Protein chains: 2
Amino acid sequence: MSENEHASVSLSLSALFLDIFRTNGSLVAAGDQLVAPLGLTSARWQVLGAVAMAPVPQPVAHIARDMGLARQGVQRLVNDLVDAGVLTLQDNPHHRRAKLVCLTPPGHKLFSSVHALQRPWVDGLAQDLDPAKLAVAAEVLQALRQRLEAGLEEDRD
Amino acid sequence: MSENEHASVSLSLSALFLDIFRTNGSLVAAGDQLVAPLGLTSARWQVLGAVAMAPVPQPVAHIARDMGLARQGVQRLVNDLVDAGVLTLQDNPHHRRAKLVCLTPPGHKLFSSVHALQRPWVDGLAQDLDPAKLAVAAEVLQALRQRLEAGLEEDRD
DNA sequence: ACCCATTTGACAATATGTTGTCATATTTTG
DNA sequence: CAAAATATGACAACATATTGTCAAATGGGT
């Protein structure tokens, strides 16, 4: 690859960074607006989803690792959702401190409502998007994330 | 397109959302680490870059729109950078309140240092990335953002 | 059994970002 | 030109996220 071609890849990548920042922001804003009628926010929605989709109840630290967020951020969100009666902390037979995060019955109901909102919303956004291009985009982001996290050398928390 | 194919696009899109969240987080974390030696953070770096790259000095509100962020978030960052001596507010002949944001001489020097750090970092990340795939990823993110922002109906401040 | 590194949650400080409200300045419209 | 709509920054409240510190719990190695 020539120097010019190499430079152009770096420039494209810098531009992609800005796209990621802005798309992330739009995604959070749109998500906030979508689930606001349910008394939720994007961040709480994400946590609720992570708990609901987990095959088995997990402690907060595990959820945080799955989501790629700092442990304490998820901890606060979980605490808030417990206060809101959506989640509950179940005793963990394997660890006295690391309680297992579960949905309450209202939590299950809330998750169903979220899903009912989420589906048509995502379907609408996906309309006319090329599946092959989506796959390429996911591949690029994953490759990028892998390199970034390798550079961070497991520093997160 | 069959219903199954449609559903698979929606599923891919939901997965892409998670990729965007995580890549954005990694990007911010890696950026923070990169520019920390210069006493900067990712957010301040972004603002500094926006000011430095603008062909002509602009008021805060304009910069915020360019970056797709809320006006007040950028306002606070600019105020912090002014306090730090990196930026200065120049009188705007066309608008008494909307001062123009400019780099101070130390700000210019700082931006050069940032650029010297940024270039090899981006080059390293771009290594072996397929330019065509990068272009597709950018295209997908831009399409997504456009739909999201259309859904927000220009609500953002 | 004991020590030590790791994991985990509590608590707190700080950075980032959105939203709301207000006063003032500018622009548009009638 | 006057009134209304819009743009802008100051100030403040809040949500989100990282980082640091601490104590308790766990697990591993000797």
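Predicted model, so just to flag it, every value in this text is computed and none were measured. Sequence lines set the chain letters: A, B, ... in the order given, protein chains first and strands last, and positions in each chain run from 1.
The residue among A:His94 and A:Arg76 whose nearest nucleotide of DNA chain D lies closer to the 5′ end is A:Arg76.
Among all heavy-atom pairs drawn from A:Val9 and B:Leu129, the shortest one is CG1-O, 4.0 Å. Residues B:Pro37 and B:Leu34 come closest through the heavy atom pair CD-O, 3.3 Å.
Residue A:Arg96 is in sugar-phosphate contact alone, with no base atom involved, counting any heavy-atom pair closer than 4.0 Å across all strands shown. Residue-level contact check: A:Val60 touches the backbone only, with heavy atoms under 4.0 Å from sugar-phosphate atoms and none from bases. Using a 4.0 Å heavy-atom cutoff across all strands shown, B:Asn79 reaches sugar-phosphate atoms only and no base atom.
Rounded to whole angstrom, the span from the CZ atom of B:Arg71 across to the C1' atom of C:dT16 amounts to 17 Å. Distance CD1 (B:Ile63) to C1' (D:dA7): 15 Å, rounded to an integer number of Å. For the pair B:Gln33 CD and D:dA17 P, the interatomic distance rounds to 20 Å; values are reported in whole Å. Counting to the nearest Å, the P atom of D:dT8 and the CG atom of B:Leu100 are 11 Å from each other. Rounded to whole angstrom, the span from the CG atom of B:Leu81 across to the P atom of C:dA15 amounts to 12 Å. As a whole-Å value, the separation of B:Trp45 CH2 from C:dG17 P is 13 Å. Atom C1' of nucleotide C:dT24 and atom NE2 of B:His95 are separated by 9 Å, given to the nearest angstrom. Distance, A:Asp32 CG to D:dT16 C1': 10 Å, rounded to whole Å.
In terms of phosphate contacts, B:Arg65 brings a side-chain nitrogen or oxygen within less than 4.0 Å of OP1 or OP2 of D:dT8. Contact annotation: B:Ser42 side-chain N/O to C:dT16 OP1/OP2 distance is not under 4.0 Å. At least one side-chain nitrogen or oxygen of A:Arg44 sits closer than 4.0 Å to the OP1 or OP2 atom of D:dT16. Of the side-chain N and O atoms in B:Gln75, one or more sit less than 4.0 angstrom from OP1 or OP2 of D:dA10.
Between the A:Thr104 side chain and the A:Thr88 main chain, no donor and acceptor come within less than 3.5 Å of each other. Between the side chain of B:Arg71 and the backbone N or O of B:Ala61, no donor-acceptor pair lies under 3.5 Å.
Between the side chain of A:Arg97 and the base of D:dA23, at least one donor-acceptor pair of N or O atoms lies under 3.5 Å. Side chain B:Gln72 to base D:dA10: a donor-acceptor pair is found below 3.5 Å.
Nearest nucleotide to the side chain of A:Thr41, out of D:dA15, C:dG9, D:dG9: D:dA15. When the nucleotides D:dT16, C:dA15, C:dT8 are ranked by their closest atom to the side chain of A:Leu77, D:dT16 comes out on top.
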Residue pair A:Ser10, B:Asp123: steps toward the side chain to side chain donor-acceptor pair (under 3.5 Å) verdict | CA-CA 6 Å; A:Ser10 298; B:Asp123 285 353; 2.5 Å; yes
